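For reference, the structure is listed below as C-alpha cells.
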Amino acid sequence: MVSTWHCGGGIMIWALFQSDSGTGPVLEMPVPASYNDITQDSMLRDFIGWVWYEREVQVPSRWVKDEGTRVVLRVGSAHYYSVVWVNGIQVAEHEGGHLPFEADIGGVIREDPTVPCRITIAVNNTLTLTSLPPGTITHMNDRTKYPGGYFVQNIFFDFFNYAGIHRPVLLYTTPKVYVDDITVFTDFADSTGLVKYKVSVKGASSANLKVTLMDKDGHCVATSSGPSGVLKVADVMLWWPYLMHDNPGYLYSMEVQLSASDGQSTFEDVYALPVGIRTVNVTSTQFLINNKPFYFHGVNKHEDSDIRGKGLDWPLIVKDFNLIKWLGANSFRTSHYPYAEEIMQMCDRHGIVVIDECPGVGIKDIRSFGNASLAHHLSVMDELVGRDKNHPSVVMWSVANEPAAEMPPADYYFSTLIKHTKMLDPSRPVTFITDSNYARDKGAPYVDVICVNSYFSWYHDPGHMEVIPIQLKTQFENWFGKYKKPIIQSEYGADAVPGLHSDPPMMFTEEYQKNVLQSYHSVFDEKRKQYVIGELIWNFADFMTAQGITRVVGNKKGIFTRQRQPKSAAFILRERYWRLANATGKL
Ligand code: E9O
C-alpha cells in the first residue's frame with residue numbers, strides 16, 4: 001500500500017556488474033527486464049549468483065530539505081534475493097522474486113544533500129531448499145568432465161528462472177504521517193452495498209480520517225470518518241465478471257483523507273482505493289459470485305516474452321488482455337507466482353476473475369516441507385494477501401502448484417498454510433493445485449475447491465487420445481466422490497509446434513493439440529452440469545523453459561505462440577468460450 005506516487009516508471013538504464021569483486025564487465029541494463037536475454041552472452045543468460053545494478057538519481061531538493069516528507073524507494077519485484085543500498089548504506093533486504101518491497105530512504109539522502117542519490121541493488125537468483133520456488137545446487141567435482149567450480153541449479157518447475165529487476169523501481173513521497181494500509185471487505189443486502197473498511201496510519205498515534213466513497217461519475221455515495229467503519233451504498237452497482245453482465249468490473253473509488261499534527265506541523269495525506277463490491281462463496285458443487293454460479297472458462301498464464309523475459313511490459317500486458325477478451329475467457333490463474341500489480345488493477349477494471357497464486361511451485365523434495373520452508377511460505381502469503389487483498393478480481397488464493405502432496409509432512413504443511421491464509425483473509429476460498437492421486441493427497445482435505453492438473457495422452461499414454469474420456473471421467477468421479485467439493489480442471493493441454501501438421505494427428509502438431517482439447521471439452525460439458533466449476537487451459541502462450549530433451553526452445557503448450565499469434569487450438573477455444581458465455585447469458 002502506498003500513498004501518492006511522485007516519480008518513476010519508464011525504462012531506466014542501470015549499470016549491471018557481474019562479478020563478486022565488482023571488477024567484471026559493466027553492462028547497460030534496462031529496468032524493468034530480466035537480464036538473461038538482453039545480451040549475446042550465454043553465460044549471462046544462464047547465470048546463477050549475484051549481479052549488481054546501480055544508478056544515480058537526482059532527487060528534488062525539497063524532498064531533501066523537508067523533514068516532514070517521507071521519501072520511499074520501492075522495488076516492484078527483483079528475482080530472487082535482493083539487498084539495496086543508498087549511498088553505500090544498506091536500506092533493504094528482501095527474499096522472494098515476485099512481490100514488492102520498500103525502504104524509507106529520507107534519512108540517508110539527508111546525510112549529505114550535496115551528493116546525488118546512488119541506488120545499488122544486488123540480486124541473487126540462487127534457489128535453495130527453503131526458497132519459494134525451491135531449488136538445489138549440484139556441484140560437479142569430477143575434473144575429467146567439468147571445469148573447476150562447476151555447478152548447476154536444479155529446479156522443479158519448467159519455466160525459465162529469469163532473473164533481475166522485473167518491475168519498476170520507483171521513488172515516491174508521503175508526508176511523515178501517512179495512510180499506511182487500507183483493508184476492505186464488501187457485501188450487499190438487497191440493493192444496498194456494504195463496504196467494511198479499516199485504515200492504518202503510521203507516523204502518529206492519532207489522525208483525523210475522512211472517508212468518501214465515489215461512484216464512477218465522481219458522485220459521493222457514502223461517507224464515514226475514523227479508522228474503521230461501514231459505508232452503505234444505496235442502489236449498489238455490483239462488481240461483475242466479464243461476460244456475466246453488461247457493465248463488468250464496476251469500481252467505486254474510496255478516498256481516504258488524513259490530517260494530523262505533531263504540535264508544530266500539520267500533515268495531509270490522501271489515498272484513493274478502487275473498490276469493487278461483490279461477494280464470493282463456495283458450496284459443495286458451485287462457485288458463487290454475488291450469489292450467482294460462476295464457471296471459470298479461462299487460461300493459465302506466465303509473465304514471459306521475447307527479450308524482456310519476465311520484465312513488465314505495457315504493450316504486452318494490453319495485448320494479452322485483448323487476446324483474453326477475443327477468446328471469450330473470463331478468468332486466469334497467476335501461474336505460478338504473483339503477477340505485477342498493474343495486471344491485477346487491469347483485471348479489476350475489466351472484470352477478469354483471478355486465482356491468485358503464490359510462488360509455491362515445485363515443492364517436491366521432502367526437505368522443502370520443513371519448518372524453515374513453512375515459515376517462509378507463511379510470510380510470502382502475508383506479503384501476497386497484504387498486496388492483493390483489496391482486488392475484487394481476486395476470488396481465490398492458491399498457495400502452491402503441484403507439490404508432492406502425497407508425502408507425509410504435506411498434511412501438517414498444508415493445514416497450517418491454508419489455516420494461516422484464511423486467518424489473513426476470511427473472505428476468500430483457498431486452494432492449491434494438485435496433480436497427485438486423489439486417494440493419497442494429504443493437502444486436499446483443507447482446500448475449498450479441488451484444482452486438478454492432468455495431461456492424459458501427453459505425459460501419460462503419449463499419443464493415445466482415446467484414453468482421455470475414460471481417464472478424465474474417472475479423475476472427476478474419484479475426486480468428487482471422496483471430497484464432495486467443486487472441481488476446477490486447473491491445467492490440461494498438449495504441446496504444438498506452430499506450423500506442424502498431421503492427419504491423423506500426431507504429438508506436437510496443431511491437430512493433436514486441437515483434438516486433445518476437444519476430447520477434454522466433451523467430458524467438461526458432461527460434468528459441468530454437476531460439480532465441475534471451471535477449465536483453465538495450459539497455457540495461454542508458449543513460454544521459455546530451461547533447456548531439456550522434452551522442450552523445443554520452450555514449452556509449446558500455448559494456444560498462442562510466444563509472440564501472441566494464434567495456433568489452430570486458439571480458434572477452438574474461442575468458439576467454446578463464447579458459446580459458454582452466451583449459454584449462461586448476461587445479468
Ligand atoms: C505445471 C506447469 O508449470 N504443470 C506441468 C506443465 C507442463 O507442460 C508445466 O509447464 O509440463 C505439467 C505437469 C507434468 C506432470 C508430469 C508427469 C510425468 C509423468 C511421466
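Numbering starts at 1 and runs along the sequence shown. Side chains included, hydrogens not; waters and symmetry mates left out as well; all remaining heavy atoms used. Ligands are counted one by one from 1 in listed order, and the atoms in each one are counted from 1 as well. As the structure is a prediction and not an experimental result, all values here were calculated from the model.
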Task: All pairs passing salt bridge (Lys or Arg N to Asp or Glu O under 4.0 Å) where residues 530-546 contributes a residue, at least two apart - done: Glu535-Arg576, Asp542-Lys567
- [ ] Output every pair passing ring pair (Phe, Tyr, Trp, His ring centres under 6.0 Å) with a member in residues 362-383, not counting sequence neighbours, ordered by first then second residue.
- [x] Phe369-Tyr413, His377-Tyr413
Open item on the list: Among His79, Met544, His166, which residue satisfies the side chain to side chain contact (heavy atoms under 4.5 Å, CB included) criterion with Lys310?
Closed with: His166
Which pairs of nitrogen or oxygen atoms, taken one from ligand 1 and one from the protein, are under 3.5 angstrom apart?
from, atom 1, to, atom 2, distance (Å)
ligand 1, 3 (O), His336, NE2, 2.6
ligand 1, 4 (N), Glu402, OE1, 3.2
ligand 1, 4 (N), Glu402, OE2, 2.7
ligand 1, 4 (N), Glu491, OE1, 2.6
ligand 1, 8 (O), Tyr459, OH, 3.3
ligand 1, 8 (O), Asn555, ND2, 3.0
ligand 1, 8 (O), Lys557, NZ, 2.6
ligand 1, 10 (O), Asp158, OD1, 2.9
ligand 1, 10 (O), Asp158, OD2, 2.8
ligand 1, 10 (O), Trp538, NE1, 3.1
ligand 1, 10 (O), Asn555, ND2, 3.3
ligand 1, 11 (O), Tyr459, OH, 2.3
ligand 1, 11 (O), Arg551, NH2, 2.9

TODO: Please assess Phe414 against Tyr446 for the test ring-ring contact (aromatic ring centres under 6.0 Å, His included), listing each intermediate value before the final yes or no.
DONE: CA-CA 7 Å; Phe414 284 104; Tyr446 308 107; 8.5 Å; no
TODO: Would you please test Tyr337 and His302 for ring-ring contact (aromatic ring centres under 6.0 Å, His included) and show each step?
DONE: CA-CA 9 Å; Tyr337 38 79; His302 263 302; 5.7 Å; yes
Open item on the list: Please enumerate all residues that pass ring-ring contact (aromatic ring centres under 6.0 Å, His included) together with Phe287, with sequence neighbours excluded.
Closed with: Phe296
